[in-house]
Amino acid sequence: MHPLAALDRRHVWHPFTQMRDWARTEPVVVVEGKGAVLVDAHGREYLDGNASIWTNLHGHRHPRLNAALRRQLGRIAHSSALGLANEPATLLAAELVRLAGWRRRIEPGSGRKAEADPRLQKVFFSDDGSTAMEVALKLAWEFTRRTRGVRRPRFLSLQGAYHGDTIGAVALGHIDLFHKAFGGMLFRTDTVMAPYCYRCPFNRAAPERADARAYRVCGWECVDKLEAAFARRGARGDRGVGGGRGAEGGYAGFVFEPRMQGAAGMIPQPDGWLARVGAIARGRGALLIADEVMTGFGRTGGADGRDGTPPLFASMSEGVVPDFLCVAKGLTGGYLPMAATLTTSEVFGAFLGEYHEFRTFFHGHSFTGNQLGAAAGLASLELLEAPAGRRRRRGLERSLGAELRNLWELPNVGDVRQEGCVAGIELVKDWRTREPFPLEARAGIRVCEAMARRGVLTRPIGNVIVLMPPYVMSDTQVRRCVAALAESIEEVLGGPGRGGRGGPGTPRRRGRGQG
Ligand SMILES: Cc1ncc(COP(=O)(O)O)c(C=O)c1O
């Protein structure tokens with residue numbers, strides 16, 4: 001065992017990890033990365049199949065990001081945003097506002113054009129996805145209390161939702177495995193059916209070898225459920241401030257991941273769902289809180305953004321401009337922990353007043369607006385916006401789609417769902433029955449372990465294997481990722497020609513190059 005691995009086992013407690021299992025094998029100790037490749041302490045190379053937990057956009061050690069960081073280091077690494085402004089954070093805020101100011105027009109006859117919609121004008125920086133959500137939640141809570149006379153604003157979020165691990169974000173989440181233990185610490189939120197076409201009780205279609213969204217037979221019952229949830233809450237008419245009827249009725253905010261729920265199991269929404277539910281929530285007076293921690297910065301693809309290019313934010317791809325847009329992970333290209341919550345001048349205005357009125361938003365973090373993170377963020381946005389960056393995303397979307405088609409021949413593959421540059425592959429006992437593996441069978445974990453032996457790293461979500469490569473991953477590397485997945489499924493779960501695509505293999509040694 002490498003000495004670093006031994007030291008890690010002795011002292012480091014890893015997130016979302018059963019540490020007894022961790023201690024059974026030698027962990028991969030990453031010492032280097034380049035492009036889509038990670039190198040471990042033994043010099044073995046791996047493809048980064050989940051972009052280092054969905055953060056990395058342009059690849060590791062990108063020359064432009066590295067140069068931006070070196071330039072910034074030559075000036076200053078960090079100064080506080082409490083009482084001080086700084087250059088890169090100011091520029092990044094302005095750039096985020098500019099890029100979030102576009103939405104796809106969905107009105108009839110508008111074609112595929114985008115139009116300017118500069119509603120999101122204010123940027124509150126924080127550190128990670130959880131804090132971006134926490135900020136949105138606290139702002140929405142206080143905004144509602146101040147402007148609508150509601151004592152205890154109530155929030156609605158989607159079944160299977162995951163919005164982070166701080167307490168407010170956990171309260172918005174609905175994954176029992178992660179959240180139940182902390183139930184006693186949380187405030188109450190409500191949950192509503194999320195579209196999950198593959199396992200939807202209202203989908204009358206028998207299983208086919210295609211993305212379940214494409215062949216579903218339903219009457220948009222998931223949208224009806226959401227409408228009913230709003231109607232129920234709106235009609236409740238609990239007593240509000242001063243005892244007036246109706247003040248507490250309605251939801252203060254509707255929280256959602258647009259286009260695809262990530263940690264819920266990479267569950268994409270059928271076209272039109274987002275626009276429909278966005279209109280319902282707005283019509284009922286709820287604030288729209290879009291969690292784009294996973295979906296932001298072009299992950300979910302599409303071609304309906306400004307100038308027919310992929311929109312950078314998934315909400316805008318169906319014309320929805322939220323009141324809060326939360327971004328993190330890819331904000332710095334995956335280099336540094338930094339997050340942002342964008343919101344409207346209306347929300348901002350509710351916190352303005354004379355000092356003695358104490359309307360200030362009393363919230364902040366030591367590293368809010370960190371210069372290094374902001375410098376990386378600016379460089380990342382430039383790469384995303386450049387024509388080559390746009391072409392690369394479209395190229396990755398295409399090559400991923402082409403390779404994923406090969407998985408349909410495997411009987412243990414129930415659903416292959418791709419949304420832009422993200423894919424979730426749901427493993428089942430048999431595609432004809434959709435019968436899931438019990439969690440204790442660790443099917444996803446074992447398949448990912450077999451992929452690692454083949455030189456591809458990713459993490460499962462239960463029975464769903466995630467592929468979310470950095471945008472720089474070449475077509476050949478994508479082919480290797482998907483081939484490793486197919487071989488691993490055959491090896492671990494059996495199927496026709498079990499192991500027939502070659503044995504377990506080993507990661508490549510450094511120097512031979514991945515591809
Ligand atoms: C949709 C979504 N929101 C919030 C978070 C929390 O982000 P972080 O882990 O950076 O706190 C995540 C993390 O995976 C996420 O996927």
Side-chain angles (χ1 to χ4, degrees), residues 13-17 48-57 124-138 140 155 157-175 177-179 182 186 189 191 194-196 253-269 274 288-300 312-315 322 324-342 363 365 367-368 370 373 376-377 380 419-424 458-462 464 466-468:
W13 190 343
H14 287 263
F16 284 96
T17 301
D48 189 354
N50 76 349
S52 295
I53 208 71
W54 321 349
T55 59
N56 192 289
L57 301 184
F124 194 98
F125 286 113
S126 61
D127 303 342
D128 51 45
S130 306
T131 54
M133 291 304 294
E134 207 77 24
V135 166
L137 194 59
K138 285 172 91 172
F155 294 86
S157 52
L158 294 172
Q159 246 171 26
Y162 174 80
H163 297 292
D165 292 333
T166 52
I167 291 304
V170 171
L172 294 172
H174 302 290
I175 300 180
L177 182 66
F178 301 166
H179 300 141
F182 307 109
L186 309 177
T189 63
T191 177
Y196 184 2
F254 173 52
V255 185
F256 57 97
E257 282 182 88
R259 296 295 300 172
M260 185 177 229
Q261 280 188 287
M266 293 302 153
I267 301 172
Q269 298 144 6
L274 182 60
L288 299 185
I289 304 177
D291 179 347
E292 296 232 23
V293 170
M294 186 279 283
T295 58
F297 305 108
R299 273 288 173 208
T300 56
L312 277 192
F313 301 107
S315 320
F324 297 93
L325 177 71
C326 303
V327 293
K329 291 191 186 278
L331 172 60
T332 61
Y335 262 50
L336 286 157
M338 184 175 208
T341 305
L342 278 69
H363 180 107
H365 306 281
F367 286 99
T368 294
N370 171 258
S380 172
E419 190 65 31
C421 300
V422 187
T458 186
R459 270 178 82 88
I461 303 168
V464 177
V466 176
L467 286 181
M468 196 188 300

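The first residue in the sequence is number 1, and the count goes up from there. Counting starts at 1 for both ligands and their atoms, following the listed order. Fair warning: this is a prediction, and the values are worked out from it, not measured in the lab.
Of the protein's non-hydrogen atoms, Glu257 OE1, 3.0 Å is the one closest to atom 1 (C) of ligand 1. For atom 11 (O) of ligand 1, the nearest non-hydrogen atom of the protein is Ser130 OG, 2.6 Å. At the shortest separation from atom 16 (O) of ligand 1 among protein heavy atoms lies Trp54 CZ3, 3.5 Å. In terms of protein heavy atoms, atom 2 (C) of ligand 1 is closest to Asp291 OD2, 3.4 Å. Among protein heavy atoms, the minimum distance from atom 8 (P) of ligand 1 is reached at Gly129 N, 3.5 Å.
Looking at Tyr162 against ligand 1, both its backbone and its side chain come within 4.0 Å, counting heavy atoms.
Listed by number with element, the atoms of ligand 1 under 4.0 angstrom from any heavy atom of Val293 are 2 (C), 3 (N), 4 (C), 5 (C), 7 (O), 12 (C), 15 (C).
Residue Phe178 qualifies as enclosed at atom CZ: its count of foreign heavy atoms under 6.0 Å is above 12.
Of the possible donor and acceptor atoms, none in the side chain of Gln269 sits under 3.5 Å from a partner among the backbone N and O of Leu274.
The shortest distance between side-chain heavy atoms of Pro258 and Glu292 falls below 4.5 Å. Residues Phe297 and Phe313 are in side-chain contact: their nearest non-hydrogen atoms beyond the backbone lie under 4.5 Å apart.
Between Tyr162 and His179, the ring planes lie parallel to each other; the angle is under 30°, not in the 30° to 60° tilted range. Phe256 and Phe254 have parallel rings, their planes meeting at less than 30° on a 0 to 90° scale where 60° marks the start of perpendicular.
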